[in-house]
Every structure is written in structure tokens, then in C-alpha cells.
Protein chains: 2
Amino acid sequence: MTAHPAAQTVGLRDRKKQQTRDALATAALHLVAERGLENVTVEEISAAADVSSRTFFNYFPCKDDALVADHSVDSARFLTRLAQVPPEVPALAAVRSALGEMIDRMQADRERWLLRMVVIERNPALLPRLVAAGVETERTMTELVADRVGVPPDHHFPALLAAVTGAAFRSAMLRWAAGDGARSLSDLVDEAFETLAAGLPDPQPAP
Amino acid sequence: MTAHPAAQTVGLRDRKKQQTRDALATAALHLVAERGLENVTVEEISAAADVSSRTFFNYFPCKDDALVADHSVDSARFLTRLAQVPPEVPALAAVRSALGEMIDRMQADRERWLLRMVVIERNPALLPRLVAAGVETERTMTELVADRVGVPPDHHFPALLAAVTGAAFRSAMLRWAAGDGARSLSDLVDEAFETLAAGLPDPQPAP
DNA sequence: GGGAGAACTTTCAGGTCCGGCAAACTTTCG
DNA sequence: CGAAAGTTTGCCGGACCTGAAAGTTCTCCC
């Protein structure tokens, strides 16, 4: 037996895969951060990660996804959480609650996520990609919410809630990056959701 | 002098340009509607509009833009309207009010807009494009709103309001198309904005 | 251990997207 | 009419992305 009898669930193979994926994403983020999206090719990213450019596409369906997607934050877990929130909790609060775990994981990966958001901010072409990453999630979320509040799936509320909370979350993420992570993401999301719950009233101009 | 002494502001040249642009957009929408986004090339679209494929790119920066962008609904006018709404009107209501004109124009172009939204619905890759079309608008909108409510530009409210109203509007557009335009877009947008103003409370399950 | 087979990577070929360039053409204006 | 300005077009090349086939690396089971 080798010196590592434990850690059986993940073999060498999976560890290498994760490494490669990580190397590609990291290389992509750093290169784009310093040169801009247009001035970085897939070949350069692949070279920096020491793999062929064909391999790049085995991991990411397109260049942008290497910058925006993140395996560690998979939406399936968020949806599971959402389904688990007790049904008497209002939908908006339920969504906020279910986001908690995802937010924690993002804070744990603080460094990388801040870089990611800065890259997105400086390359607006990526912003739609951020939406794309959530579009399938929003669809499922719509169904979950319809179920939860007991309205037909073509009612306007579930789709509106999904779209609006998605927008609010993105807004908080961008704000997080803009402040370089000075305030916690959790706080910023809370602030946004409270404003939503209050019906988006005009804020006080000056105290 | 010719038989058309009036209509001086637009010459033959500009009229032709508008025609070409329109032909390209129309061809793109119809082809994609029947074959799907992947199975339509720029060459085919250009051929259908009787221009070279090189000309296509003189009008649209990429294939998707021919499907999503619309010259008749330029956001500059919306922003102008927004700036004109009296400052005592709360920001959320002001946005709804400023959207009115755009909505009217979309209803006038009902046919084309419904087709467009159906195409987007059936080709989810385009949905992020719809966001992209509004991203610059949202940025300006953020500044306008900050100004209007008298908070610094890095306050969370303006960006949140811009993102959220954008999402709500898109949600209403998709709903409009899903119902094949049975209910007026104006109604659907009102419904969404009222729900926003109420703080997104859970709807009544059944009467 | 050791080999059969699965999984991953690489190379290669090819289609589509998209932008720069300069020549031909069309409209506008003096 | 003729010059100026704008538009269309073909040509070319780089970049993105995909399929197929061949080569390499890991896993599993004996």
C-alpha cells in the first residue's frame, strides 16, 4: 500500500483533472486581467496551463466560460437548499436563505472571486456570460417557487422573483468587487434583499 | 425638383441603409425561427437579404446582434425620458413612466417583437444577449438615478434599481411572448412593477 | 504486480465567425 | 458634369470551436 491509504473517494485521475481545470481558469483570469479579453487567445491560456488548446475545450465549452464558470459553486446545491427551506418562509426570504451556503463558499475563495469580478467589470462583454451561467438555474428556480407559493407555473410571480433576485445578487457581487471585498458579500446581499423587500423606496439623500 | 419636396431630413442614402438593416434583421429572425440559431449561417442571412456577408458585418458586430438589437428602440430616448420625469416622483415609478414610450413603440411593432422574443425563448443562448443590449443603458441609468435621489454614485440603490427593473422588464417581455401577445405588454409591465413596489410578497395561492 | 480497458490528451483537418484593407460602385453636392 | 463622401464587396487571415483518430495515462480486477 502507498503512504496515502485514505482519500480513496478521489483518485489520482480526478485530482489531476481538477488541477488542470484550475490551472486553465487561473491562467485565463490572470492573462485577461492584465491584457484584456481581446488580447488573449485560447492558445495562450492553454500554453500557460501546459496543455493543448484542444484540451481547453474539453474542460470549457468556450473561452468565456473559463473566466466566469466555477465548479466549486454549483447551482444544483443552491436549488436543493431552496427546496429545503420550510414552506412557511416567504419566497424572497427563502431565496436569501438558500444563497447563504453559496455565499460562504465564494467568501472562502475570496481571492479568486474578486479577481473574477474585476475581470468581468473591466470586460463588459463578459457580464452577459454571468447571466448565462444563471439562466438554467433561474428556470428551475421558477418552477420551485411556483410550487412553493402554490400558483400555476405560468403565473408572473415565480419568473419575476427568479429574475429579480438573480439581478440583485449580481449587483451585490459587482459591488463586492468594486469595494475590493472591504464589506462582506453576505452584508451586501442582505442590504440588497432588504431593499427589495421594502419595495425599492428611494433612500434618504443625506442625514 | 422631385415629387417629394418634403421628407428632406432623410436622403435616399439613409433610407436604403435602413432598408438593408431591416432586411438583414428580418431575414435573420425568420431563418432562425424555423431552423434554430445553430443551423443558420451569416452567409445564408446575407443571401436572403441580397447583400454580401461582408456587408452583414458592416451593420451588426456579430450574428446575435441582428436578432436582438433593434434600432427603433434606442435606449437614448428612454434615458432622456427618465431624466425628464419630475424629481418628486419616486425612482421606481419614474422608471416605469419612462418606459412607456418604448413599450408603445414595441406594441406598434408587435409582429416583429413577438417573433424576436419567441426566437430568444427558443434559443436560450440569446437571452444573455438581451441583457448585453441593455448593459450600457443600465450603467447610464445608474448615474441618472443616483442624481435623482441624491446619493453618491457608489451607493447600492441606483445600481440595484437599474438591474432589477431591467430584469423585471425582460421578464414581462418574455411573458408577453409566451402568451403570444394576448395581454398587452403595458399591462404585464405594470403588473411586474406593482409587485416590485409591494416588496415581492408571496401571491395568494387560490381565491 | 500486470495487463485489459476506460479515460484523458494530443494532433489534425475543417467550418464558421469576424475584422482590416483597398478597389469598385453609388449617392450627394458644388 | 465632376469631385467628394459614403457604401458594398472580395480577399485574406486570425481566432474560435468541433469531430475523428491515434497516442498516452490511469484504474480495476485478477
Point to revise | Atom-to-atom span, CD of A/E43 to P of D/dC17 - whole angstrom | key: 12 Å
Review point. Taking the side chain from A/S97 and the backbone from A/A93, do they hold a donor-acceptor pair closer than 3.5 Å?
Key: no
Review point. To the nearest 0.5 Å, how far apart are CD1 in A/I120 and CH2 in A/W113?
Key: 7.0 Å
Study note, to complete from the structure: With the side chain defined as heavy atoms from C-beta on, A/C62 is closest, among D/dT8, D/dC17, D/dA20, to D/dC17
Check your understanding: Side-chain N or O of A/K16 less than 4.0 angstrom from OP1 or OP2 on D/dT25?
Key -> no
Check your understanding: Which residue lies toward the 5' end of DNA chain C, A/T55 or B/F57, if each is placed at its nearest nucleotide?
Key -> A/T55
Review point. Taking only side-chain nitrogens and oxygens of A/Y59, does any of them come within less than 4.0 Å of OP1 or OP2 of C/dC8?
Key: no
Study note, to complete from the structure: From CD of B/E38 across to C1' of D/dG19 the rounded distance in Å is 15 Å
**Study point:** Polar side-chain atom of A/R170 near backbone of B/A163 as donor-acceptor pair, under 3.5 Å
**Key:** no
Point to revise | Side-chain (A/R116) to main-chain (A/L67) donor-acceptor, under 3.5 angstrom | key: yes
Exercise for review: For B/R54 and C/dC18, give me the distance from atom CZ to atom C1', rounded to whole Å.
Suggested key: 8 Å
Point to revise | Distance under 6.0 Å and angle within 45° of ring axis: A/R21 vs A/F60 | key: yes
Check your understanding: Between B/R13 and B/D50, which is nearer to the 5' end of DNA chain D once each is assigned its nearest nucleotide?
Key -> B/R13
Check your understanding: To the nearest angstrom, how far is B/N58 atom CG from D/dG6 atom C1'?
Key -> 11 Å
Check your understanding: How long is the line joining CZ of A/F60 and C1' of D/dC17, in whole Å?
Key -> 15 Å
Review point. Under 4.0 Å between a side-chain N or O of A/K17 and OP1 or OP2 of C/dC8?
Key: yes
Review point. In whole angstroms, how far is the C1' atom of D/dC16 from the NZ atom of B/K63?
Key: 13 Å
Check your understanding: Rounding to a whole Å, what distance do you find between B/R21:CZ and D/dT7:P?
Key -> 12 Å
Study note, to complete from the structure: Taken to the nearest whole Å, CD/A/Q19 to P/D/dT25 is 16 Å
